[in-house]
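Here's the structure, in structure tokens; my notes come after.
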Amino acid sequence: MPDALAARLVPGQRVKVPFARRELIGVVVGPVRDEAPPAYEIKPITALIDEQPLLSEALLALCRWTADYYLHPLGEVIAAALPGPLRRGEAPALRPPDGLRLSDAGRAVLPGLPPRSATLRSLLTLLEPGVRSASAVRHALPNSAAALKKALDTGWIERCTDDSTPLALQPALPLTTEQAAALDALQAAAGRFGVSLLEGVTGSGKTELYLRLTETVLAAGGQVLVLAPEIGLTPQLASRFKARFGDGVASFHSGLGEAERARHWLAAGSGSARIVVGTRSAVFVPMPKLALVIVDEEHDGSYKQQDGLRYHARDVAIVRARDAGAAVVLGSATPSLETLRNAHEARYRHLKLDRRVHDTPPPRVHLLDVRHAVLENGLSPTLVDAVARHLEQGHQSLLFLNRRGYAPVLLCHDCGYVMPCPNCDARLVVHRARKRLACHHCGHVEPQPPACPDCGGRQVPIGQGTERIEDALTMRFPEARIERVDSDRLKSGAALTKLLADVQAGDVDVLVGTQVLAKGHDFAGLAFAGLVDVDQALFGSDFRALERMGQLVTQVAGRVGRNGQPGEVILQTHHPEHPLLKLLVERGYPAFAQVLMAERQQFLLPPFANLALLRVEAKTDGEVMAFLRRAKALLPASPSIEALGPAPATMARRAGFQRGQLLLKSASRAALHRGLEGWLPEIEALGQQTRQRWSLDVDPGDLF
Ligand code: ADP
Ligand code: ZN
């Protein structure tokens, strides 16, 4: 490498490096410390892409922490932190901002402008109410180019980033007493690192507090990162921030085009975007003035990435805030046990909002014993009657079932043959609308056979999915507008936004859906919710199944009966005596969480233990187990690490591969990490030798 080039190298710059016959893009992380290991060769850098580093030191440090903690290659972490075009070495110029707005100076001169400046006056008047895009201005005032140039030169008009800003910003709402107390506490904690858990029931006005706190932070020149668990929730959240603060709000999620994501990434890095609202990958967006991180619905499992770099965005966000000296607010009506424990042990400040803003009493939740009821398509007469009653009163209802498709099993009535997935230990789900069978684990689809492939008998769909509930209700209530909300029906975020708008407008009578529905959405007219099958979750195989069930039931119930009227919730179950289910219904999530917490402590599970999971896939079960046994033998001896397994995965065969796992558990995070660091090179070597696919998951979300 020429010395002149070497002298210009700074960590965070992108460079071109030769690799075999190709040239790849790399990021400078530091000088080479050691000799190349045997069989490796150190090659010189051929060219520099950025004079100024693209990744700040802070962002690189975050990537390094993430790589170390999740035991993932640093290069892949950096690649995950960069939007596609930047990763490929492109240098998209920041598009000049397209919005125009009146400056304070412009506002001041407007009344006194002389009559001969008619065009200038029209121009300033046009912008008086708020931001307009340059093209909208050209359209409204075709001959205003010269006046615009003059106004920009004198500073009466300024360019700004966003043209989608509403014309009039929404003012802050006067706070309730409870909100005001929580805001005081949050504000006292602002300006430095510290984590606050804002535990507020649905509709208690948490978002309003996020906005108030953001206002304070922006006024002090800081930037704010807002994380939401789902793409579907970001537009709503972003629009509430835009409505309050105008331009300078950038969204960041996989629903945006690559180029747009790169633009928002750069805008946040340059400070021109002051607020970033996004899903988990937004945790890596550069924000040099980061002063506040808000993690909304912090309990949501979607914050944990399930493949590749298996990071937990909430946890990375907290580390990032610590390093940046920023405050963190974790908001939820149903906090995770991890967060609750941190709050109980006073590592986090614990703030509560117990009342809904509109003082709606909490819904009546009824555990409906369906053991002897005649269920039609999974629905009891009581549940159907409740829907009918609410329809008559012009109220909206929601039926929740966490299973998409028509029926989870297609069974032969003559011989009992069940249609299996050819690649997985799973049954094919009947999708009646598209007349086909699908595997929800590997994506296999096939047409529904005309008769049983085994005996030619008649096949019947057993059990229900959302499609079947939708069908059953449509038959029963032909006049009602019934909409299904699940990932089959809503391929795009736009479709969800449209549907939610229809729901808000009162155009939908009954919603049938999966967990897409349970999250964060604000349905003002909803008076009734029916949970078709809570038993599924009661006997889930994962240790978090009950926690998730409690969160889900509470979240669904929280959508009901807003705007002054109490709502009604029915949970269909075959286990009305289940102690935890009763506790949840009678005493609510906090009491329920407390009992779960005691159980986790007793069985030494998170948050009382730290877990790491080694997963392996191979063609045969023998190969899987052999790999895992050898891996277990290679584990550095440590009295504080327990290795459980090897064992087959809950679904032992998936997408044509046998799967197995080894679970590591330790009361000490530090001891576990020391063990894992020593172990990783051994597993890597084993992987190369056997050519088998493996992954190591630190803090796994589930143990499948
Ligand atoms: P959460 O995020 O806790 O579910 P939101 O912040 O969405 O609650 O508030 C629920 C509803 O109450 C929203 O429509 C919001 O605009 C409204 N709201 C929040 N705070 C106030 C307030 N102080 N006064 C009047 N309405 C409020
Ligand atoms: Zn399958």
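Values below: every heavy atom of this structure, side chains too, minus hydrogens, waters and symmetry copies. Start at 1 and go down the list; that is how both ligands and their atoms are numbered.
- Contacts between T207 and ligand 1, counted as non-hydrogen atom pairs separated by less than 4.0 Å, involve both the backbone and the side chain.
- None of V508, L511, V510, V503 except one satisfies the side chain to side chain contact (heavy atoms under 4.5 Å, CB included) rule with R481; the exception is V508.
- The distance criterion of under 3.5 Å between nitrogen or oxygen atoms is not met by G200 with respect to ligand 1.
- Looking at heavy atoms from C-beta onward, R615 lies out of side-chain contact with R659 at the 4.5 angstrom threshold.
- Those atoms of ligand 1 that come under 4.0 Å of a heavy atom in P174, given as number and element, are 22 (C), 23 (N), 24 (N).
- Judged purely by distance below 3.5 Å, without hydrogens or angles, the side chains of R559 and Q555 pair a donor atom with an acceptor atom.
- Looking at heavy atoms from C-beta onward, V195 lies in side-chain contact with L330 at the 4.5 angstrom threshold.
- More than 12 non-hydrogen atoms from other residues, nucleotides or ligands lie less than 6.0 angstrom from CD of Q536.
- With no hydrogens or angles considered, no side-chain donor-acceptor pair links S204 and E178 at under 3.5 Å.
- Distances shorter than 2.8 Å separate the Zn ion (ligand 2) from the protein N/O/S atoms C421 SG, C424 SG, C439 SG, C442 SG.
- For ligand 1, the atoms lying closer than 4.0 Å to a non-hydrogen atom of R240 are 5 (P), 6 (O), 7 (O), 15 (C), 16 (O).
- Counted by atom type alone, S332 and H299 present one or more donor-acceptor pairs between their side chains at under 3.5 Å.
- Considering backbone and side-chain N/O atoms, V357 never comes within less than 3.5 Å of an N/O atom of ligand 1.
- Contacts with ligand 1 closer than 4.0 Å are made by no heavy atom of R356, backbone or side chain.
- Remark: ligand 1 atoms within the under-4.0 Å shell around heavy atoms of L175 are 23 (N).
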Subject >> Residue pair H350, E199: steps toward the side-chain hydrogen bond (donor to acceptor under 3.5 Å, both in side chains) verdict >> reply: CA-CA 7 Å; H350 196 169; E199 180 176 6; 2.7 Å; yes
Subject >> Audit row: H440, H431, ring pair (Phe, Tyr, Trp, His ring centres under 6.0 Å) steps and yes/no >> reply: CA-CA 11 Å; H440 288 185; H431 285 256; 5.2 Å; yes
